[in-house]
Every structure is written in C-alpha cells, then in structure tokens.
Amino acid sequence: MELERLRVVFRTALELSEDADVDGLEYRGIEKWDSLAHMSLVAAVEDEFGVMLDTDEVIDLSSFDRARQILEKHGVVLTD
C-alpha cells in the first residue's frame, strides 16, 4: 500500500483527480507539472515519507518511476 501513498502524493501535489493514473507520469508530461508544481511535489514526497532529498535527487525526480526509485534508495519499501 506504500505505492498507493506515493500515487496520492502525486495526485494531491499536482492537483489531479483522485482516479488519475500517475504511474507513467513524467515531468512536463502534463501541463500541471511545471517547475513550481515540481517543488510542491518534492516537499510533499519528503513530508509523506519522512525523507530529505538532496539537490541531485530533486532534479532527478523526473517521473513517478524515478520517485519510486529514489524513495527505495532512502529505505522506503514501496509495495502495491
């Protein structure tokens, strides 16, 4: 269910509908994911999972899949 938490974070931070499919989402893949929304997303991910992303990770967080990989690097186990 941790993966669903990440989906909710993406939907909330990017102001998407509750049923929006975010698994394939990429930075600038939708109009709402601009640089300002990116920083909101980063803050939301950090708050939700209790991690602190470094500058390289913030830049590298370019998709839902990369967010998952970055969180797993921080020891967050994301299962469906």
Legend entry - K73: salt bridge (Lys or Arg N to Asp or Glu O under 4.0 Å) partners, not counting sequence neighbours: E57

Inset, instruction - Tell me, please, which residues at least two apart from R66 pass side-chain hydrogen bond (donor to acceptor under 3.5 Å, both in side chains). - result: D60, Q69

Legend entry - Chi angles and distances behind the side-chain contact (heavy atoms from CB on, under 4.5 Å) call for L14, L25: CA-CA 11 Å; L14 299 176; L25 205 54; 3.6 Å; yes

Legend entry - Closest heavy-atom pair and its distance - S63, F10: O-CZ, 4.0 Å

Inset, instruction - Could you tell me which non-hydrogen atom of L53 sits nearest to which non-hydrogen atom of H74, and how far apart they are? - result: CD2-NE2, 3.8 Å

Inset, instruction - Before giving the answer on side-chain contact (heavy atoms from CB on, under 4.5 Å), spell out for L16 and I30 the whole-Å C-alpha distance, their side-chain angles and the decisive distance to 0.1 Å. - result: CA-CA 10 Å; L16 302 173; I30 59 170; 3.8 Å; yes

Inset, instruction - Please report the closest heavy-atom contact between F64 and V22, naming both atoms and the distance. - result: CB-O, 3.2 Å

Legend entry - Smallest separation among heavy atoms of V9 and F49, with atom names: CG2-CE1, 4.4 Å

Legend entry - Gap between atom CG of L71 and atom CG of L3 - 0.5 Å precision: 10.0 Å

Inset, instruction - Return the set of residues passing salt bridge (Lys or Arg N to Asp or Glu O under 4.0 Å) with E72 (not counting sequence neighbours), or none when no residue passes. - result: R68

Legend entry - With R5 via salt bridge (Lys or Arg N to Asp or Glu O under 4.0 Å) - residues at least two apart: E2, E48

Cut-off 3.5 Å, no hydrogens considered: what does the side-chain donor-acceptor table look like for residues 33-42, sequence neighbours left out?
from : atom 1 : to  : atom 2 : distance (Å)
W33  : NE1    : H38 : ND1    : 3.1
D34  : OD1    : L36 : N      : 3.3
D34  : OD1    : A37 : N      : 2.9
H38  : NE2    : V58 : O      : 2.8

Legend entry - Pairs where residues 18-27 contributes a residue and the test side-chain hydrogen bond (donor to acceptor under 3.5 Å, both in side chains) is met, not counting sequence neighbours: R7-D23, S17-D19

